Amino acid sequence: MSGSVRRTTMPSIEIVAKEAGVSTATAGRALGGYGSVSRKSREAVLAAAERLGYRPNSLARSMITGLTHTLGVLVPDIENPFFSRALRGIADAAHERGWEVLLVNTDEDLALERKALSVLTERRVDGLVVAPTDVADRDALQAVVDAGIPVVLLDRRVPGLEADTVGIDNRAAAKDATERLLKLGHRSVALLTGGDEKLRPKLSRPGLRGVERLAATTVGARAAGYRDALVEAGIEPRPELVSAEGFRREDAAAATRRLLALPDPPTAILALDSLLALGVLQALRGLGLRCPVDVSLVAFDDADWAEAISPPLSVVAQPIYELGAEAGRLLLDRVQGSDKRFTHRRLPTRFIERESATSR
DNA sequence: TAGAGCCTACATGAACAACG
DNA sequence: CGTTGTTCATGTAGGCTCTA
C-alpha cells in the first residue's frame, strides 16, 4: 500500500465513470462537454453524476489546463471608494467570463506589494490587475510579466512595462477643471495633491521637461494639467500653492490651513480626490470660512456624498466602475491568448457642475 | 542511520488507437 | 466517421528504497 489517504469523500470522475459503466475518458467528455460522446453514454454519465453528487475538482483541472480561473487584484486600499468601485467592475467582468477574483491590499507599501505579487504568483493566478504603489518600481511587476502572467495596470502607468493600462486622461481632466476655475475669475488657484513632495520644485522649474517627467504618475499628470491651464492663461504657477502633504483627510485639512494663512491666499482649491476635498471642507469650517463664498472648491471623483452636502460639490467624475470592468476584460483577453499590441485605454471623464465653485 | 533519489497518489484532459 | 477506451502528463507531497 502506498499509505496515501483519500482526503475527501467527494466522488471523482473515476467513480462516476464506474457507476455509469463507461471509461473515465468518456465520463470526462460527457461532463466537460468536449469531444464526441453518444447520447446514451452522456445521459448515463450525467445521471450517475447527479446520483453521486459529483462536483468537478478544480485543483485537478488546473493541474492539467494550467489555468486556475482566478485573477489577482492588487490595490493600495480597498477602503478607498475609488478602488472598491473599480473592484466591483473587475469582479463583474471576471464573473461574466467564469473567473474568480483574489484581492490583496498593499497599503501603498512597496514591501507588501512585492509580497502580494509573490503570493499571487504562487497561487497561480491567471492574470493580475494592479494599481501599483510606486510607478518607478518596475522590477517586481516585470518579473511577473516575464513569468508569463499578463498584467493590466489600473489608474497608474509604469513606464516600460509590457502591460495594458486603463485610466483616464488625468492631465486633460485637471486642465479642464483648472480652466473652469480660472474662467470664474479666480487668479489664485491652489492644488491639493495628497502625495509626492517632489512635485512642488518640479512645478516651479521653468521649461516643460520637469512637467513631462511628472506626467508619468497620476498625481503628476494632474499637476501637469493644472500647470498647463495656468500657463495658457498667462498666470505664473506659484509653488507654494501646490500642496503635497499626504493623502489623509487630516493632511488635507492641515494643508488647507497652511494655504489660507499665506499672505496672498488662494480663492479656489482643486483637490485631487474626494477624501482630500473632505479635509478642505473640515478646515474651512474650523476657520469659520464658507464654501464657495470665501473659497471655491472642485474635486476629483464624484463621491456618494458629493451631491448631498451643502453646498453640493462640483467634481471631475471618473467612470470608475467602467475603468475596473475594462481592466478586467482586457486582462481576460490576454489570459485567453490575445497577443494584440499593448493598449493604453483612456476613458472619458465628466465635469459635474454643482455649487461649490462660484465666480469671484 | 541519514540522506538522496525514486515512486505513487491525486483528478482531469488530451493524444492516440481501435472498434463497429 | 462517430464513438470509445487506454495511456500519459500535469505539480506536489509524502512515503519508500537504496546507498554510503
Side-chain angles (χ1 to χ4, degrees), chain A residues 1-74 90-91 93-106 111-130 139-152 161-163 328-340:
Chain A
M1 277 309 262
S2 69
S4 190
V5 184
R6 265 188 71 86
R7 291 182 259 287
T8 70
T9 54
M10 299 272 287
S12 65
I13 272 199
E14 197 186 341
I15 307 292
V16 174
K18 207 169 279 174
E19 170 86 4
V22 299
S23 70
T24 57
T26 298
R29 284 189 278 254
L31 292 163
Y34 57 91
S36 56
V37 185
S38 68
R39 211 181 72 181
K40 193 168 152 243
S41 294
R42 180 166 44 246
E43 281 169 3
V45 170
L46 294 181
E50 173 78 30
R51 269 199 306 281
L52 297 169
Y54 166 79
R55 306 260 57 213
N57 182 329
S58 60
L59 271 179
R61 181 178 289 161
S62 295
M63 209 153 70
I64 184 122
T65 60
L67 288 175
T68 54
H69 287 88
T70 306
L71 301 182
V73 177
L74 236 62
I90 297 169
H95 291 158
E96 208 166 274
R97 280 153 80 164
W99 258 261
E100 290 299 326
V101 163
L102 216 54
L103 171 76
V104 182
N105 275 302
T106 62
L112 277 180
E113 177 175 304
R114 293 183 160 208
K115 178 96 196 311
L117 281 175
S118 96
V119 167
L120 291 174
T121 306
E122 282 174 24
R123 292 284 205 106
R124 295 296 188 270
V125 294
D126 298 326
L128 279 166
V129 176
V130 184
D139 295 354
L141 284 169
Q142 186 62 51
V144 172
V145 171
D146 289 344
I149 301 175
V151 170
V152 172
L161 185 73
E162 292 171 351
R329 286 191 292 264
L330 276 176
L331 183 59
L332 285 167
D333 287 347
R334 292 282 173 217
V335 168
Q336 294 176 322
S338 161
D339 56 355
K340 286 196 215 128

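Side-chain atoms are counted along with the backbone in the values below, which use heavy atoms only and exclude waters and symmetry mates. Residue numbers start from 1 in every chain, and the chains themselves are labelled A, B, ... in the order their sequence lines are given, proteins ahead of strands. Remember, it's a predicted structure, so these values are computed and weren't measured experimentally.
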Can you measure [X] atom [atom1] to [N] atom [atom2] for me and round it to whole angstrom units?
X: A:K40; N: C:dT4; atom1: NZ; atom2: P; result: 8 Å
X: A:M63; N: B:dA9; atom1: CE; atom2: C1'; result: 9 Å
X: A:E14; N: B:dA11; atom1: CD; atom2: P; result: 8 Å
X: A:N57; N: B:dC10; atom1: CG; atom2: P; result: 12 Å
X: A:E43; N: C:dT3; atom1: CD; atom2: P; result: 13 Å
X: A:R42; N: C:dT3; atom1: CZ; atom2: P; result: 8 Å
X: A:I64; N: C:dT10; atom1: CD1; atom2: C1'; result: 6 Å
X: A:I15; N: B:dA11; atom1: CD1; atom2: P; result: 8 Å

- Task: Would you please confirm or rule out a distance under 4.0 Å between OP1 or OP2 of B:dA14 and any side-chain N or O of A:Y34?
- Result: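 So the side chain of A:Y34 is outside the cut-off, no N or O lying under 4.0 Å from OP1 or OP2 of B:dA14.
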
- Query: Would one find a side-chain N or O of A:S23 under 4.0 angstrom from OP1 or OP2 of C:dG5?
  - Reply: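 Yes, because at least one side-chain N or O of A:S23 sits under 4.0 Å from OP1 or OP2 of C:dG5.
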
- Query: Considering heavy-atom distances to DNA chain B, does A:I13 or A:R29 have its closest nucleotide positioned more toward the 5' end?
  - Reply: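 Whichever sits nearer the 5' end wins; that is A:I13.
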
For [X], which contact category applies under a 4.0 Å heavy-atom criterion: base, sugar-phosphate, or nothing?
X: A:S38; value: sugar-phosphate
X: A:R124; value: sugar-phosphate
X: A:S62; value: nothing

- Task: Taking only the side-chain heavy atoms of A:A25 (C-beta and beyond), determine which of C:dT3, B:dT12, B:dA14 contains the nearest atom.
- Result: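 Nearest listed nucleotide: B:dA14.
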
- Query: Which atoms form the tightest heavy-atom contact between A:S62 and A:L67, and what is the distance?
  - Reply: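 Looking at all heavy atoms of both residues, the shortest contact is OG-O, 2.9 Å.
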
- Query: So, for A:L332 and A:W99, which heavy atoms are closest and what is the spacing to 0.1 Å?
  - Reply: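 That closest heavy-atom pairing would be CD2-CD2, 3.5 Å.
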
- Message: Is it the case that atom CZ in A:R123 sees more than 12 heavy atoms from other parts of the structure closer than 6.0 Å?
- Response: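 Open.
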
- Message: With a sphere of 6.0 Å drawn around CD of A:Q336, does it hold more than 12 non-hydrogen atoms of other residues, nucleotides or ligands?
- Response: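 Yes.
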
- Query: Under 3.5 Å, is there a donor-acceptor pair between the A:S41 and A:S38 side chains?
  - Reply: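 The answer is yes; a qualifying pair exists.
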
- Contact nearer the 5' end of DNA chain C, comparing A:S41 with A:T24: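 This one resolves to A:S41.
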
